[in-house]
Amino acid sequence: MRDELELLRAANPVPAGEGRWRDRPLDATAERGLNRLLHLTRTRRARRRLVLRAEAAVLALVAVLAFTLTDAGSSPAVAAPAALVPHTAGTGAALSLDGLARIAEARARTAGPQDGPRRGSHLQSWSLSMGTGPDAASPVTVPEERITRWNADGSGSELVVATDPRHPGRPVIHDDDGRWRTVSDGKVLHRASYPAGSGARHDGLAARTKPPTDPTALRALLTSLYGAADSDGTDASAVPQLLMALSSYRQEWTPGPRETAAIVRMLADTEGLRPAGAVTDRLGRRGQAFVHDGPDGAMDATRQMVILDPRTGRLLGTEITFTKDLPDFRITAGQVMSYEAWMP
């Protein structure tokens, strides 16, 4: 119970007496976010901290939750990444999600038994932690890399490193139990190895549920496990929640070709994602960007982008950027709220 309370305190709901947020009720989006936070408290704490850092930034916006930052200093490591800019010049017509789904489905049909999903993931992330109120520090961008691997016998390992591949060798901002300090690039923040049989003790429901290869079943899974809204894909306003749920799913599993095809077909069947053109992601990979710039909750202030490999449909990354100024959070339009880059 103590761990769960600490996680909820880390989300730091705005105090009831603070400014114009006083006594504001949670809307449906915020309730889904809170339910998702509560779900995450049931997984092991070392893994939850990385998940919550990126997702709490989203909750800070749509559920009016905020981190209070201390000791951020003025290190150059706080510089936020610039938003990615898709382009269509010289590339012809932008690839559609339906066309990319067909590519992924053709690849899935040739996949062998050994090409199934693998439990675990490899992720690099940048997330903006921000506070509100007159004494809040300026927003801070936190870059990290995380590798989690689990084997068939239940053995596994976890590694979290403070690193920003955009600036190799430069200092990196690190969250030290709610306080912010500068650490050297490549510093190991968490390392653990688990003997055979350990996986069962660390399993949450998501880890025990093998990813579906059917897009309808995948959407149902994301809805049941992570609170993703819209059971049939026709509600465009539910896209942000769907992409957040997809991120959580991806942190548990590395999909194979069949699971990738289900992901792309599910996105193709979802209203509200438009092709935006070609883009080079933060790891230098060529991708195809699809953007949702419709409603995202009560404050309606972000753009969601998902980046897929145009050759295979594989999920390369997601990005959330602000579309307008939010003076209460010291945010200006165009800033990146969070970015995730996924690797095999």
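Note: hydrogens, waters and symmetry copies are ignored here, and every other heavy atom, side chains too, is used. Keep in mind the model is a prediction, meaning the values are calculated, not measured.
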What distance do Arg149 atom CZ and His122 atom NE2 have between them, rounded to the nearest 0.5 Å?
7.0 Å
Give the C-alpha distance, both sets of side-chain angles, the deciding distance and a yes or no for side-chain contact (heavy atoms from CB on, under 4.5 Å) between Asp293 and Thr323.
CA-CA 9 Å; Asp293 41 21; Thr323 57; 5.7 Å; no
May I ask you to say whether Glu340 pairs ionically with Arg250, meaning some side-chain N is under 4.0 Å from a carboxylate O?
no
Any salt bridge linking Arg265 with Asp98? Criterion: basic side-chain nitrogen under 4.0 Å from a carboxylate oxygen.
yes
With side chains defined as the heavy atoms from C-beta onward, is the minimum distance between Pro344 and Arg314 less than 4.5 Å?
yes
For the CZ atom on Arg102, are there more than 12 heavy atoms of other groups (residues, nucleotides or ligands in this structure) within a distance under 6.0 Å?
no
Separation between CZ (Arg258) and OG1 (Thr110), nearest 0.5 Å, reads 9.0 Å
Would you name the heavy atoms of Met343 and Leu123 that are closest together and state the gap between them?
CE-C, 4.0 Å
Considering all heavy atoms of both residues, which atom of Trp126 and which atom of Ala341 are nearest to each other, and what is their separation?
CZ3-CB, 4.3 Å
Please check this pair: side chain of Asp325 against backbone of Pro327, looking for a donor-acceptor N/O pair closer than 3.5 Å.
no
Testing the basics here: between Tyr339 and Leu84, what is the closest heavy-atom pair and its distance to 0.1 Å?
CE1-CD1, 3.7 Å
Once you round to the nearest 0.5 Å, how far does OG1 of Thr182 lie from CZ of Arg170?
11.0 Å
Rounded to the nearest 0.5 Å, what separation is found between the CG atom of Leu128 and the CD1 atom of Ile331?
4.5 Å
Decide side-chain contact (heavy atoms from CB on, under 4.5 Å) for Glu259 and Thr254; before the verdict, give the C-alpha distance in whole Å, the side-chain angles of both, and the deciding distance to 0.1 Å.
CA-CA 9 Å; Glu259 294 76 25; Thr254 297; over 6 Å; no
Compare all side-chain heavy atoms of Arg219 with those of Leu242 and state whether any distance is below 4.5 angstrom.
yes
Verify the cluster assignment for Leu95 and Ile263: are they in a single hydrophobic cluster under the rule of side-chain heavy atoms below 4.5 Å apart?
yes
Using side-chain contact (heavy atoms from CB on, under 4.5 Å), reason through Leu308 and Leu97 one step at a time and then give a plain yes or no.
CA-CA 9 Å; Leu308 304 176; Leu97 270 169; 3.8 Å; yes
Could you tell me the separation between the CZ atom of Phe290 and the OG atom of Ser96, rounded to the nearest 0.5 Å?
7.0 Å
Nearest heavy-atom pair of Ala162 and Val183: which atoms, and what distance?
CB-CG2, 3.7 Å
Would you give the length of the straight line joining atom CG of Leu225 to atom OH of Tyr249, rounded to the nearest 0.5 angstrom?
11.0 Å
Does any part of the side chain of Asp281, heavy atoms only, come nearer than 4.5 Å to the side chain of Trp342, both counted from C-beta?
no
Mind listing the closest non-hydrogen atom pair of Tyr226 and Ser248 along with its distance?
CE2-CB, 3.4 Å
Heavy atoms, side chains only, cut-off 4.5 Å: are Thr302 and Pro240 in contact?
no
More than 12 heavy atoms of other groups within 6.0 Å of Arg191 CZ
no
Would Arg146 and Gln251 count as a side-chain contact (heavy atoms from CB on, under 4.5 Å) if you check the C-alpha gap in whole Å, the side-chain angles of each, and the deciding distance to 0.1 Å?
CA-CA 10 Å; Arg146 171 198 172 200; Gln251 291 183 49; 3.3 Å; yes
Is the shortest side-chain heavy-atom distance between Pro255 and Pro211 below 4.5 Å?
no
Kindly say whether Asn151 contributes a backbone atom to a donor-acceptor pair with the side chain of Ser155 at under 3.5 angstrom?
no
Nearest heavy-atom contact between Thr88 and Gly277 is CG2-CA, 3.8 Å
Is a donor on one side and an acceptor on the other found under 3.5 Å between the side chain of Thr270 and the backbone of Met266?
yes
Look at the side chain of His292 and the backbone N and O of Gln304, then say whether any donor-acceptor pair between them is shorter than 3.5 Å.
no
